[in-house]
Trainee: 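Below: one structure in structure tokens.
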Amino acid sequence: MLAHDRHGDGPPLVLVHFLGGHRHVWQPLLPHLTGRTVVTIDLPGFGDSRPLAGSPTLSRLTDAVAGTIAELGLDRPAVAGISLGGGVAVELARAGIVSSAVAISPIGFATLPEMAFAKASLRATHAASRAIAGQVDRLAPQAAIRAALGAQMFAKPWAVPAEEAAGLVRSMAHSPGTLPVLRAAMGQELSAGGTLAPVTVAWGQRDALLLPRQGRRAVERLSFAQLVPLAGCGHVPLWDDPERVAQTILEGTARH
């Protein structure tokens, strides 16, 4: 079973983080996700979850999340995820394991040049994170440093609290899943076709990693998916506009 936390009470909602993240990144949204039992999960190789044995493809990551959903006794919960987690959310909806899904800037809809750019950017972020991880507690309180480090991931990087920013740098630098998942899962393309559960694709309109035009491509490729633009938000919008992101998740996961 993957490492996880439960919050609140109500119909279950599973949250799946992005590459280099962990289950605690959802804290800004939790006060707004009322009336739900929120289950936050560490993907294999991140946070407190052990890496997979073998290649961590998107399919195998999805199977790991599906296995944890089953072990927790959750009967077709809703799911939401960001980037890598968004790709997992789409695949869970495709398999009918969840009742509905919200995929925020999901992987799987980039052209080859777009994905080459994103992977090169993430490798550079990983290298920079490793270079400063030992000093990040001293550096992160400086808003200018947070802005420089997070410009590609957040529309408002200075709004990320210093402690959370430092934790993300350490997670990107030291998680054993970072490079294997980047190699095995981030370049995969999600195939066209329907899903067995409704999907909402939400995309930050200031996403500088996976460009917003990929959102239109996603809903064209996925039958019955709808697109929700997130104005003023970046690739990881958790601190850009937590109330709007939480509302999008609640509305999208109310679809059946």
Side-chain angles (χ1 to χ4, degrees), residues 8 10-19 21 25-26 28-30 32-41 43 58 61-62 65-66 69 74-110 155 188-207 209-256:
L13 167 63
V14 175
L15 300 180
V16 189
H17 61 80
F18 46 91
L19 180 80
V25 298
W26 299 97
L29 265 59
L30 295 181
H32 307 290
L33 295 174
T34 55
R36 306 297 292 266
T37 295
V38 178
V39 180
T40 57
I41 287 179
L43 286 170
L58 182 60
L61 295 173
T62 302
V65 174
I69 288 173
L74 303 177
D75 182 19
R76 297 191 78 231
V79 66
I82 297 174
S83 193
L84 172 65
V88 170
V90 170
E91 293 300 271
L92 290 169
R94 195 190 299 278
I97 293 167
V98 297
S99 59
S100 56
V102 174
I104 301 172
S105 296
I107 65 168
F109 302 100
Q188 292 187 245
E189 183 178 77
L190 294 188
S191 59
T195 62
L196 295 179
V199 174
T200 298
V201 175
W203 220 286
Q205 296 304 286
R206 294 178 59 188
D207 192 331
L209 184 70
L210 299 180
L211 303 180
R213 61 176 175 253
Q214 295 174 32
R216 295 189 298 274
R217 205 176 292 149
V219 296
E220 289 170 1
R221 196 177 300 171
L222 298 173
S223 301
F224 309 113
Q226 67 176 15
L227 179 63
V228 175
L230 297 175
C233 289
H235 184 64
V236 176
L238 297 174
W239 291 274
D240 294 332
D241 193 344
E243 188 171 358
R244 171 71 188 282
V245 175
Q247 179 184 4
T248 300
I249 290 173
L250 289 175
E251 292 175 353
T253 56
R255 298 174 66 205
H256 296 288

Trainee: So do Leu92 and Val88 actually touch side chain to side chain, heavy atoms under 4.5 Å?
Mentor: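 Contact flag for Val88/Leu92 side chains = yes.
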
Trainee: Is Glu91 reaching over with its side chain to a backbone N or O of Thr62, donor-acceptor style, under 3.5 angstrom?
Mentor: no

Trainee: Val39 and side-chain contact (heavy atoms from CB on, under 4.5 Å): which partner among Leu15, Leu74, Val16?
Mentor: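 One option only clears the test, and that one is Leu74.
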
Trainee: Between Phe18 and Ile104, is there a side-chain heavy-atom distance shorter than 4.5 Å?
Mentor: no

Trainee: Regarding Glu243 and Gln247, is there a side-chain donor-to-acceptor distance under 3.5 Å anywhere?
Mentor: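 No, Gln247 and Glu243 have no side-chain donor paired with an acceptor closer than 3.5 Å.
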
Trainee: Determine, stepwise, if the pair Leu227 / Arg216 fulfils side-chain contact (heavy atoms from CB on, under 4.5 Å).
Mentor: CA-CA 7 Å; Leu227 179 63; Arg216 295 189 298 274; 4.1 Å; yes

Trainee: Using modelled atom types and a 3.5 Å cut-off, is there a donor and acceptor pairing between side-chain atoms of Asp240 and backbone atoms of Gly234?
Mentor: yes

Trainee: Pairs in or reaching into residues 74-85: which pass side chain to side chain donor-acceptor pair (under 3.5 Å), with residues at least two apart or in two chains?
Mentor: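 Those involving residues 74-85 are Ser83-His235.
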
Trainee: Under 3.5 Å, is there a donor-acceptor pair between the Arg36 and Thr253 side chains?
Mentor: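 There is such a pair between these side chains.
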
Trainee: Taking the side chain as C-beta and beyond, is there a heavy-atom pair between Asp241 and Leu230 under 4.5 Å?
Mentor: no

Trainee: Can you sort out the partners of Trp26 under ring-ring contact (aromatic ring centres under 6.0 Å, His included), two or more places apart, ordered by chain and number?
Mentor: none

Trainee: Are any of the side-chain heavy atoms of Pro77 and Ile69 separated by less than 4.5 Å?
Mentor: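 Heavy-atom side-chain distance check passes, below 4.5 Å.
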
Trainee: For Pro28 and Pro242, work out which heavy atoms get closest and say how close.
Mentor: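 Minimum heavy-atom separation between Pro28 and Pro242: O-CB, 3.7 Å.
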
Trainee: Please give me the minimum heavy-atom distance between Leu196 and Gly96, naming the atom from each residue.
Mentor: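 Here Leu196 and Gly96 meet closest at CB-CA, 3.6 Å.
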
Trainee: With a 4.5 Å heavy-atom cut-off, do Arg94 and Leu190 have their side chains touching?
Mentor: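 Touching, per the 4.5 Å side-chain cut-off.
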
Trainee: Considering non-hydrogen atoms only, spot the tightest contact between Pro212 and Gly204 and give its length.
Mentor: CG-O, 3.5 Å

Trainee: Going by heavy atoms in the side chains, are Leu13 and Leu33 under 4.5 Å from each other?
Mentor: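 Heavy-atom side-chain distance check passes, below 4.5 Å.
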
Trainee: Do Arg244 and His32 make a side-chain contact, defined as non-hydrogen atoms from C-beta onward lying under 4.5 Å apart?
Mentor: no

Trainee: Shortest non-hydrogen contact from Ile107 to Leu84?
Mentor: CG2-N, 3.7 Å

Trainee: Mind running side-chain contact (heavy atoms from CB on, under 4.5 Å) on Trp203 and Val228 for me, showing each step along the way?
Mentor: CA-CA 7 Å; Trp203 220 286; Val228 175; over 6 Å; no

Trainee: Assess the residue pair Leu238 and Ile82 against the criterion (side-chain contact (heavy atoms from CB on, under 4.5 Å)); give the C-alpha distance rounded to whole Å, side-chain angles, the decisive distance to 0.1 Å, and a yes or no.
Mentor: CA-CA 10 Å; Leu238 297 174; Ile82 297 174; 3.8 Å; yes

Trainee: Inspect the surroundings of CD in Gln205 and state if more than 12 heavy atoms from other residues, nucleotides or ligands are less than 6.0 Å away.
Mentor: yes

Trainee: What's the separation between atom CD in Gln188 and atom CG in Leu58, rounded to the nearest 0.5 Å?
Mentor: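 So the CD of Gln188 and the CG of Leu58 are separated by 5.0 Å.
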
Trainee: Distance-only, no hydrogens or angles: does the His17 side chain make a donor-acceptor pair with backbone N or O of Leu43 under 3.5 Å?
Mentor: yes

Trainee: Measure across Ala155 and Gly232 and return the closest heavy-atom pair with its distance rounded to 0.1 Å.
Mentor: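 Smallest heavy-atom distance, with atoms named: CB-O, 3.3 Å.
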
Trainee: What's the verdict on salt bridge (Lys or Arg N to Asp or Glu O under 4.0 Å) for Arg217 and Glu220, showing C-alpha distance, side-chain angles and the deciding distance?
Mentor: CA-CA 5 Å; Arg217 205 176 292 149; Glu220 289 170 1; over 6 Å; no

Trainee: Quick check: closest heavy atoms across Gly252 and Thr200, and the distance to 0.1 Å?
Mentor: CA-OG1, 3.6 Å

